[in-house]
Each structure stands twice: as C-alpha cells, then as structure tokens.
Amino acid sequence: MKPVITILEDRIIAAMSAAVNQRDCTAQVRPSTDPKFGDYQVNGVMALAKQLKTNPRKLAEQVVAKLDVSDICEKPEIAGPGFINLKLKPDFVAKNLLEINKDAERLGVEKADKPKTIIVDFSGPNIAKQMHVGHLRSTIIGDCICRLLELEGHKVIRQNHIGDWGTALGKVILGLWHWCMDEKKHQSKLYYATELNELKAYKENKESMISLCQRIRERHEKDWEEDGYPIRGDGNKYFGSFLDELKQRKDDEIWGNITVLYQYINLLEESLVGMNLMIPTRVKKKSYKKDENPFEYISIPYESLSRHITTMLQKIDDKDNEQEKDAWERIREISLKYCHEIYKRLNVNLSMKDVRGEGDYRKDLLPVVSDLLRHDIAVKSDWAVCVFPEGFKDKEGEPLPVIIQKSDGAYLYATTDLAAIRYRVGELKADRIIYVTDARQQLHFEMVFAVARMAGWVKPETELVHVTFGSVLGENGKPLKTREGENVKLKELLDEAVERAHKVVNEKNPELSGDEKDKIAKAVGIGAVKYADYSNNRTSDYVFSFDKMLAMEGNTAPYMQYAYARIKSIERKAQTRQVPIETELAGVKKLNISEPAELDLAKHLARYSEAIEAAAVDYRPNYLTSYLYELAQKFSVFYANCPVLDAGPDKRPTRLLLCDLTAKTIRHGLSNLLGIEVVEQM
RNA sequence: GCGCCCGUAGCUCAGUAGGAUAGAGCGUCGGUUUCCUAAACCGAAGGUCACAGGUUCGAAUCCCGUCGGGCGUACCA
C-alpha cells in the first residue's frame with residue numbers, strides 16, 4: 001500500500017508542475033505541526049515561489065486550483081505565507097484503515113521497488129572480554145536496522161565481525177598460561193590476583209614496583225623453562241593439557257578468571273615500561289634441518305610479550321604454532337557460546353552462521369597488503385606498511401596513514417576491515433555495507449573506505465555507510481562503569497533489570513502465578529533496557545537509569561507493554577460477556593467513526609508505514625519508538641473516552657477493530673522490529 | 001594545533017534534506033476511579049533553543065565567529 005503522504009506528494013507535485021509548467025518540483029509534504037492546521041502541510045510551494053521570485057500565496061492558489069485531492073482530503077486551505085493545509089476525510093481514513101486491516105502481515109508497509117543486498121556489520125564484540133555495556137548499542141541498533149530493512153524487502157546479510165585477532169587475544173592467551181601455571185605449579189594460590197593488587201598498590205612507589213616486577217619476571221622465566229616437554233618452554237608439559245581441560249570448566253569461572261588475568265597482564269605490561277626487564281621466548285628459525293628443533297631462543301622486553309604472542313597467534317596456520325591455535329579456538333568457542341546466550345536474552349537475531357570474525361580473514365591479509373603494495377597504493381614507512389589516503393592530516397598537518405601492517409609484521413583492524421570489504425563486495429555481492437559502531441571510530445572508517453575505493457575494491461555505486469551512536473553514560477555523566485571503575489557486564493545489567501521488573505510486578509499484581517510473573521519480568525526488564533536505548537536519538541550519548549526506563553510514565557517499554565496488555569484484557573473480558581469478537585470483526589464492512597478520539601487514533605494507525613520509512617531511511621529507531629508512543633497515548637485517550645464492550649451495535653465493531661489494529665501495530669513494532677516481547681497481562 | 005560531534009524547560013531527552021505559537025516525560029501544583037487493568041487519564045506553571053553576527057518571506061535547524069563539553073588525531077580496537 002502506498003503511504004498517504006506519498007500519494008499526496010505525487011498529487012501536489014503534479015499540481016505544482018502544471019501550475020508553473022516546470023518539472024521536478026519538490027512538494028515537501030510533512031505531517032502538520034499543529035492539529036489545527038489539519039493532518040498534512042505542504043511546504044514546497046514557498047520554496048518554489050522563492051526560486052521563481054513570485055508571490056508564494058498567489059502561487060499556492062494556482063497550485064490548489066490544479067490540485068485534485070477531493071477523494072482524500074477536505075478542501076485544501078492556504079495559510080500563512082503560502083502553506084497548503086490538508087485535512088483527511090474521515091471516510092478516506094476509514095477506507096484506508098480497512099485496507100491495512102486486511103494486510104495483517106505487513107500492516108500496510110510497502111516493499112522496496114528494487115531490493116538490494118545489504119550487509120549490516122554489527123555487535124562485533126571482542127571475544128577476549130565478556131560482553132559489556134559497550135556492546136549493547138551496536139548489537140541492538142544493528143539488529144533493528146536489519147529488521148527494518150528486511151521488512152522493506154531487502155536481502156539483509158548480518159555480519160558479526162568479532163574481534164578475535166588483535167592484541168587482546170595475545171593478552172588472554174598469556175593470561176591463561178598464568179592461570180595454568182598457578183594451578184599446576186603454585187597450588188592455586190591465585191598469585192596473579194595477589195600480584196594484581198600489589199601492582200595497583202605500588203603505582204606511586206617506584207622502588208617497590210621495580211622489585212615486584214623483578215620478582216614476577218623471575219618466577220615467570222622459571223615457570224616457562226619448566227613448562228616444556230621435550231624442549232624447554234614449548235608449553236607441552238602443562239599448558240597444552242590445560243587448554244583441553246578448559247572445556248569442562250564453568251563459564252562463570254572462566255570469565256571471572258579471564259577478567260582478572262586480563263587486568264593483570266595489562267597493568268603488568270604497563271608497569272614494566274622503562275624497566276628494561278627481558279624475558280626469554282622462542283621464535284621460529286628462518287630455516288632448519290629435519291629433526292632439528294625448529295625454534296631458537298631470544299630475549300624480548302618483558303612488556304612486549306603479549307604482543308609477541310599476538311604475532312605468533314597470527315601465524316596459527318603454521319603447524320608449529322598449534323598451541324596458539326588451540327588456545328585461540330578454545331577462547332573463541334567459550335566466548336561465542338556466551339555471546340549467543342546474551343543475544344538470545346536480548347532477542348537479537350544473530351546466529352553462529354553470521355559470525356565472520358577478524359580471524360576468518362587471516363588468509364586474505366597478506367594478499368590485501370601485497371596487493372596494495374604492488375599497486376603503489378601502500379608504502380613502507382618506519383617499517384610499517386601504510387596507505388596515505390588524500391585529505392587526512394595528523395597533528396603536524398602531515399599526511400595521516402592507515403597502517404595495514406605493523407613493523408613487527410602483525411596486522412591491524414584496518415587490515416581485517418579491508419579484507420572484509422573485499423569479501424563483502426566480491427563474494428557477498430553487497431550493494432550497501434552498513435557499519436554500526438560508536439562514533440569514535442568515524443575517522444577509522446572514513447579512511448578505510450577511502451583506501452577501499454583507492455584500491456578499486458568497491459564499485460562507485462556501492463554504498464559504504466557508517467551508522468554511529470553515542471555512549472551510554474552513568475548518572476554522573478561519565479561513561480557507565482561499576483563503582484570499581486570497570487565495564488558493566490551486560491549479563492549483570494540484564495539480570496538487574498529483570499530483577500527490578502520482578503519487584504514491580506510483585507507489587508502491582510501479586511495475584512499472578514510465579515511463572516507469569518517471571519515471564520512478565522523478563523519481557524519488561526529486557527524490553528526496558530532495549531527500548532530506552534532505541535528511544536534516544538542514537539547519535540547522542542544517553543544517561544542510563546533503571547528508574548526511568550522501568551517507569552510506567554513516559555516513553556518507556558512498560559508503558560507500551562501496558563497499552564498492549566489493556567487491549568488483551570478487553571478481549572479476555574469479551575469472552576466472559578459473550579461478545580463474539582471474531583464474528584463482529586469479520587463482519588466489519590464499513591467503519592463508523594464518530595468520536596474525535598476514534599478519528600485521531602484511526603489516522604495515526606494509518607501512518608505506521610510512514611514511521612517505518614522514516615526510521616529505515618535514516619537508520620533511526622527513535623522515530624519508530626516516537627510513533628509507537630504517540631499511538632499508545634492516542635489509544636489511552638480513546639480507551640478513556642470510548643467504551644468498547646458496552647458500546648452499541650452500531651459502534652462496537654469499529655471500536656473492536658481499532659483495538660485490534662492498535663494491538664497488532666504495537667506488537668509488530670515492539671516485537672517484530674525492536675525485538676521486545678509483548679505480554680498478555682501485566 | 002587540526003578534525004568530528006554536541007550545547008533546547010530545574011532534570012532526562014525529542015524536534016524526519018529551513019516552516020506557522022519550539023514539544024514529551026520526570027519533578028512541582030491542581031483534578032479524575034459506582035465504568036473494559038489508576039502500572040492510567042486530564043489541566044496548570046515552567047524557554048533569550050550556549051552567546052554574538054550573517055543568509056531570507058521565514059532559522060533550534062544553514063554559514064562565520066566566540067565560549068563551554070565530549071571524542072578522535074602512525075604501529076590498540
């Protein structure tokens with residue numbers, strides 16, 4: 001079904017063209033700013049008058065003279081400097097609504113004329129860390145964008161570009177080794193936790209810090225020597241089997257430890273800078289004889305050990321780096337399983353088949369770099385391989401590089417992003433690629449896009465879109481953290497939301513069964529977190545507040561869910577009063593709209609597709625939540641003023657239909673597009 | 001320094017390629033329940049759209065400048 005606004009736009013354009021004998025006029029039909037101006041206002045005439053240097057009011061008169069909308073609107077009115085105000089005829093609204101009602105699946109939302117293949121890159125957690133609040137926005141905004149585009153009939157390919165190939169992984173692997181050695185050799189005394197506290201405590205005390213670091217280094221070297229069979233430091237004695245056992249551990253234990261270990265490695269390496277402490281490690285020989293130890297031993301600065309491991313990791317397809325590969329696969333497996341539990345709870349449509357992480361592009365990285373070098377697009381600069389796209393400057397005004405390979409040979413996220421673009425355009429046949437990440441990565445993507453175009457990996461008509469969003473802030477106006485200054489785990493955040501929702505349900509509706517309470521608490525709690533995010537303009541930061549998002553007043557998930565539950569309650573009540581809803585609804589051939597509240601609700605219902613279109617074209621879910629909120633408000637007014645079940649036989653079918661369509665629209669918006677559950681009662 | 005984003009009611013935020021008297025919610029004050037869920041509804045007060053210029057029929061929106069805040073700016077993502 002064509003949206004009313006589009007029909008009007010077409011008619012206005014035709015009238016404008018006829019009035020001034022000129023093509024491509026823009027009508028600028030917008031919803032009215034004030035109900036007293038009608039339902040839609042035409043702004044384009046004034047702009048056209050300016051362009052033609054004529055009197056806008058006169059021009060408006062000429063346009064209206066050519067305009068035929070009598071089947072849709074009352075007589076158009078000219079107002080102010082040259083607005084044309086349009087008011088829909090109740091008959092037209094009624095007819096329109098009946099058509100939408102017939103289309104229960106799509107509620108009147110049209111499909112795109114030319115469906116495109118659209119890649120949406122979102123969520124992308126770093127698997128070295130437990131998913132935290134920083135992953136929330138990309139995950140849910142990305143999911144909503146996919147659902148909107150799918151509704152419009154596009155071929156949407158979801159890509160979860162997980163971070164599994166960078167320095168963070170090197171740190172986790174090193175951390176796991178510490179965990180292993182702690183258990184195998186140090187009676188599980190959790191030395192790393194103790195040392196983490198010491199590192200924190202000695203921050204300001206250089207002497208103590210130095211002796212602490214020396215102590216750590218010595219133990220490390222000794223343990224490393226010992227964790228070797230048949231050759232020293234190969235990790236075959238303890239670490240290899242430890243990785244196998246890891247599968248049996250509980251997720252909570254793993255994540256608890258990894259979090260601490262990660263901090264430990266980070267702080268240790270940070271503290272080591274400038275101390276000149278060296279640690280032995282092995283590196284593969286350039287060439288070696290058969291049956292010879294393929295490794296040689298070198299000393300590297302202790303603080304660069306995790307980066308060294310990252311480089312080893314990035315060569316995991318070399319059969320001598322099997323240990324790193326095992327560790328990588330194990331972490332990936334554990335972490336992804338955990339991520340998908342979160343996705344499930346969040347009602348986000350992401351599955352394992354959508355995962356294509358940095359590491360999956362590993363075989364493309366060398367070709368990417370050599371390709372760019374061969375075509376003189378990339379150059380070596382200070383031993384790193386760089387591309388200098390035009391128009392980007394650094395602090396000194398010098399050309400700013402995209403580094404695609406570090407001086408130590410490691411690849412970076414720009415490299416994997418480039419490999420991903422090549423794959424998406426080349427293999428997936430993308431017409432458009434949408435990246436949903438926070439605004440801080442803007443420069444990165446601008447530059448990566450520039451390089452991809454320089455290399456000719458994207459066609460000129462391929463759209464590369466960076467959909468940005470702001471940060472989630474705490475009540476203090478700073479990025480949301482725990483009291484200890486750590487990232488808030490997504491799981492804990494969701495747990496608390498559900499718990500709080502549960503308390504409210506208990507208070508408001510104590511007579512419900514335990515199961516029902518649980519179900520409602522889950523829908524309300526998770527829904528509240530998601531809805532609060534969606535209802536904010538995505539480009540701005542927002543302050544996270546459980547109290548606000550769980551409030552019944554205002555633009556919140558519970559308010560929407562309540563409106564839905566009220567309608568469902570009417571339906572339940574109808575059964576006890578022997579009102580045959582199905583029969584009455586099926587029998588509606590014509591609507592009888594008499595009350596202002598009915599007309600107001602009906603008009604809004606007919607505009608669902610406009611809201612979808614607005615939200616989809618700008619990738620802004622808050623246009624959809626605003627629409628839904630207004631819908632719920634209008635329904636509340638209707639509910640208060642128009643009894644449904646007690647209405648006379650001339651009015652009841654219409655009112656039942658308004659209820660039914662309101663419920664369907666709320667459910668579609670909330671559940672199908674935002675992934676927020678509705679509940680039958682609350 | 002340069003670049004990007006932002007500054008709207010006491011608070012949290014909307015404001016859809018410039019449109020008419022700038023909107024919600026919270027909070028404050030007042031009202032509504034013999035009636036389908038009051039987890040609701042209705043009303044009132046509350047604004048120099050950071051500041052100063054410009055563009056024009058018209059600016060919160062576009063341009064220039066100032067102030068204030070956030071983020072980014074070569075081997076992290």
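All values below come from the heavy atoms of this structure, side chains included, with hydrogens, waters and symmetry mates left out. We name chains A, B, ... by the order of the sequence lines, and we start the count at 1 in each one.
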Which parts of nucleotides 70-77 of chain B does protein reach within less than 4.0 Å, heavy atoms only, written one letter per nucleotide 5' to 3' as B for base, S for sugar-phosphate only and - for none?
-SSBBBSB
Given pairs defined as Watson-Crick or G-U wobble with both distances under 3.5 Å, what dot-bracket annotation applies to RNA chain B, with ( ) intrastrand, [ ] crossing, | other strand and . unpaired?
(((((((..((((.....[...)))).(((((.......))))).....((.((..]....)).)))))))))....
Carefully, step by step, assess A/His308 and A/Asp408 under the rule side-chain hydrogen bond (donor to acceptor under 3.5 Å, both in side chains).
CA-CA 9 Å; A/His308 177 73; A/Asp408 65 3; over 6 Å; no
Quick check for you: among [options], whose closest atom lies nearest to any side-chain atom of [X]?
X: A/Ser569; options: B/rA14, B/rU37, B/rC36; result: B/rU37
X: A/Tyr623; options: B/rG15, B/rC36, B/rU12; result: B/rG15
X: A/Asn622; options: B/rG25, B/rG19, B/rG15; result: B/rG15
X: A/Gln681; options: B/rG18, B/rG25, B/rU37; result: B/rU37
X: A/Lys508; options: B/rG15, B/rC36, B/rA39; result: B/rA39
X: A/Tyr639; options: B/rA39, B/rC36, B/rA24; result: B/rC36

Tell me: CE of A/Met560 to P of B/rA39, nearest whole Å?
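That distance rounds to 18 Å.
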Tell me: CZ of A/Arg572 to C1' of B/rU37, nearest whole Å?
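Distance check: A/Arg572 CZ to B/rU37 C1' gives 9 Å.
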Indicate yes or no: at least one non-hydrogen side-chain atom of [X] is less than 4.5 angstrom from one of [Y].
X: A/Met131; Y: A/Ser123; result: yes
X: A/Val529; Y: A/Leu136; result: yes
X: A/Val524; Y: A/Met682; result: yes

Under 4.0 Å between any heavy atoms, over every strand shown, what does [X] touch: base, sugar-phosphate, or nothing? Just pick one.
X: A/Pro643; value: base
X: A/Pro56; value: nothing
X: A/Asp417; value: nothing

Do any side-chain nitrogens or oxygens of A/Arg30 fall under 4.0 Å of OP1 or OP2 in B/rA17?
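So the side-chain polar atoms of A/Arg30 do come within 4.0 Å of the phosphate oxygens OP1 or OP2 of B/rA17, strictly under.
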OP1 or OP2 of B/rG15 under 4.0 Å from side-chain N/O of A/Asn537:
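Checking A/Asn537 against B/rG15: at least one side-chain N or O falls below 4.0 Å of OP1 or OP2.
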Is a donor-acceptor contact shorter than 3.5 angstrom present between the side chain of A/Arg620 and the base of B/rA14?
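Not at all, since no donor on one side and acceptor on the other fall under 3.5 Å apart.
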With hydrogens left out and only the distance checked, is there a donor-acceptor pair under 3.5 Å joining A/Lys36's side chain and the base of B/rU21?
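Checked by distance alone, the answer is yes.
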When you compare the ring of A/Phe83 with the six-membered ring of B/rA20's base, are the centres less than 5.5 Å apart and the planes under 30° from each other?
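Here the ring of A/Phe83 and the base of B/rA20 are stacked, with centres under 5.5 Å and planes under 30°.
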A/Tyr629 over B/rA24, stacked by centroid distance under 5.5 Å, angle under 30°
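By the stated criterion, A/Tyr629 and B/rA24 do not stack.
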Which label fits A/Trp165 and A/Trp328: parallel for a plane angle under 30°, tilted from 30 to 60°, or perpendicular past 60°?
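If you compare the ring of A/Trp165 with that of A/Trp328, the planes turn out perpendicular.
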I would like to know whether A/Arg30 and A/Tyr40 meet side-chain hydrogen bond (donor to acceptor under 3.5 Å, both in side chains); could you show each step before the answer?
CA-CA 6 Å; A/Arg30 306 274 181 267; A/Tyr40 295 94; over 6 Å; no
Just to verify, which of A/Tyr531, A/Phe635, A/Tyr629 counts as forming a ring-ring contact (aromatic ring centres under 6.0 Å, His included) with A/Tyr559?
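For A/Tyr559, the ring-ring contact (aromatic ring centres under 6.0 Å, His included) check succeeds only for A/Tyr629.
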With ring-ring contact (aromatic ring centres under 6.0 Å, His included) as the test, pick out the partner of A/His161 among A/Tyr435, A/Phe122, A/Tyr361.
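It is A/Tyr361, the one option of A/Tyr435, A/Phe122, A/Tyr361 that forms the ring-ring contact (aromatic ring centres under 6.0 Å, His included) with A/His161.
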Please classify the glycosidic conformation of B/rA20 as syn (within 90° of 0) or anti (everything else).
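Anti conformation for B/rA20.
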Between the side chains of A/Ser306 and A/Glu269, is a donor N or O closer than 3.5 angstrom to an acceptor N or O?
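There is such a pair between these side chains.
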Is it true that the side chains of A/Asp547 and A/Ser545 contain a donor and an acceptor less than 3.5 Å apart?
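Per modelled atom types, A/Asp547 and A/Ser545 side chains form no pair under 3.5 Å.
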